Structure formats: structure tokens, C-alpha cells
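Worksheet for the structure shown next.
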Amino acid sequence: MALTAFTSRLGRSQGRIATPNATSGAFVLGDDEPGRFFELAPGDHAEVTQETDLTDIMLVRALLRLRVPASTPSGLAWEASLIVDGTKCARMRARPGRERLVTDLAANVSKLSGLHILGVRLELVAV
């Protein structure tokens with residue numbers, strides 16, 4: 001596997017990592033360690049997905065913390081989104097230099113049934 005901005009430190013500050021004061025750890029898309037810089041372009045993203053049975057499910061929600069580096073160039077933003085079968089169903093952005101606890105990111109899946117690919121994506125987007 002080629003190392004990228006999203007895979008160069010898996011297990012240390014990217015991917016599933018142990019966090020202080022948490023027994024189950026966290027899953028990090030991006031990098032949990034401040035001050036790490038990479039060359040990225042709009043559309044670059046990291047995501048985690050899994051196949052899920054959505055029968056009789058009304059909403060899927062994500063609980064996440066989004067930290068955006070203050071050094072994010074103007075005209076660009078980081079966007080977190082819930083994706084179902086590759087389509088963004090809910091999304092939010094945070095301003096550069098801000099950290100936001102996101103408790104209200106939800107997608108209506110009430111019209112879906114059976115197995116679908118559900119995920120969370122972190123993407124660099126042009127604004």
C-alpha cells in the first residue's frame with residue numbers, strides 16, 4: 001500500500017488510535033497530531049465505510065469532533081459528511097482554526113431497506 005497523507009501514520013495519529021481517558025479509542029480521518037503538513041488538493045478525502053442493513057432505520061447519525069487547521073488556505077474548507085452508497089446525505093463544514101463537536105449530523109434513510117454502504121468522509125473542498 002502506498003503511503004499517503006491519510007495513511008502515513010496509521011495507528012499512531014491516524015486510523016484507529018488509543019486516546020487518553022477513553023477505553024475504546026477513536027477513529028481519526030486526517031491526523032490527530034497538530035503541525036503535520038501535506039500537499040493536498042480539493043477533492044482529496046479519507047473515509048471509513050461499512051455495509052449496514054438499513055431496514056426499519058429512520059436516521060443514521062455521526063458523533064464526531066472536527067478540528068480545522070488555522071493554516072487552511074483561503075478558498076478551501078474541510079467538510080465532514082455522512083455517505084450512503086457513495087452519495088453525500090448530510091454534510092457540515094468548520095472554519096479554519098476552529099474545533100467543533102458535531103452531534104447533529106444526521107441522514108434520513110427511512111426510504112431505504114436492505115444492505116447499503118454507510119460511511120463518514122472527511123474531504124478538502126473549495127468554497
Side-chain angles (χ1 to χ4, degrees):
M1 174 174 81
L3 296 180
T4 70
F6 300 113
T7 61
S8 64
R9 296 175 48 83
L10 287 175
R12 292 181 294 192
S13 61
Q14 297 174 319
R16 188 168 303 282
I17 63 171
T19 56
N21 308 320
T23 57
S24 62
F27 198 93
V28 176
L29 299 174
D31 201 312
D32 194 43
E33 186 177 310
R36 303 197 62 80
F37 296 97
F38 297 94
E39 291 290 327
L40 299 173
D44 287 347
H45 69 274
E47 66 184 36
V48 59
T49 62
Q50 71 179 41
E51 190 172 56
T52 305
D53 185 357
L54 296 178
T55 304
D56 297 324
I57 305 295
M58 298 298 192
L59 289 173
V60 291
R61 298 177 66 171
L63 172 62
L64 54 99
R65 181 175 310 278
L66 182 60
R67 286 193 306 252
V68 180
S71 60
T72 301
S74 64
L76 297 176
W78 284 103
E79 178 179 88
S81 58
L82 283 174
I83 55 173
V84 179
D85 297 329
T87 301
K88 292 180 185 179
C89 295
R91 65 185 96 193
M92 59 77 54
R93 293 177 183 165
R95 296 189 305 184
R98 296 290 177 101
E99 180 174 329
R100 180 173 169 195
L101 177 62
V102 181
T103 60
D104 56 353
L105 190 63
N108 181 346
V109 295
S110 62
K111 292 185 169 56
L112 301 175
S113 64
L115 295 174
H116 294 270
I117 304 297
L118 178 67
V120 175
R121 177 182 291 172
L122 177 64
E123 182 175 3
L124 187 62
V125 296
V127 292

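Given the structure is predicted, the values throughout are model-derived calculations rather than measurements.
Listed by first then second residue, pairs satisfying salt bridge (Lys or Arg N to Asp or Glu O under 4.0 Å) with a partner in residues 107-118 number zero, not counting sequence neighbours.
Counting all heavy atoms, side chain and backbone alike, I57 lies closest to V60 at CG2-CG1, 4.2 Å.
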Sequence neighbours left out, cut at 3.5 Å: what donor-acceptor pairs do the side chains of residues 114-127 make with other protein atoms?
unit_1: H116; atom_1: ND1; unit_2: D85; atom_2: OD2; d: 2.6
unit_1: H116; atom_1: NE2; unit_2: S113; atom_2: O; d: 2.9
unit_1: R121; atom_1: NE; unit_2: E47; atom_2: OE1; d: 2.6
unit_1: R121; atom_1: NH2; unit_2: E47; atom_2: OE1; d: 2.8
unit_1: E123; atom_1: OE1; unit_2: K88; atom_2: NZ; d: 2.8

Name the atoms and distances for all side-chain donor-acceptor pairs under 3.5 Å in residues 62-71, with sequence neighbours left out.
unit_1: R65; atom_1: NH1; unit_2: E99; atom_2: OE2; d: 3.2
unit_1: R67; atom_1: NH2; unit_2: D32; atom_2: O; d: 3.4
unit_1: R67; atom_1: NH2; unit_2: D32; atom_2: OD1; d: 2.3

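Residues passing the side chain to side chain donor-acceptor pair (under 3.5 Å) test with S110, sequence neighbours excluded: N108. Here R100 pairs with D104 under the salt bridge (charged side-chain N to carboxylate O under 4.0 Å, His left out) rule; sequence neighbours left out. Under the side chain to side chain donor-acceptor pair (under 3.5 Å) criterion, R93 pairs with E79, not counting sequence neighbours. Take R61 and apply the salt bridge (charged side-chain N to carboxylate O under 4.0 Å, His left out) test, not counting sequence neighbours, and it matches no residue. Residues forming a side chain to side chain donor-acceptor pair (under 3.5 Å) with T103 (at least two apart in sequence, or on another chain): none. Evaluation of the side chain to side chain contact (heavy atoms under 4.5 Å, CB included) rule for A90 yields L82, L105, A107 as partners, not counting sequence neighbours.
Here CG of L112 is found 11.0 Å from CG of D53. Values are rounded to the nearest 0.5 Å.
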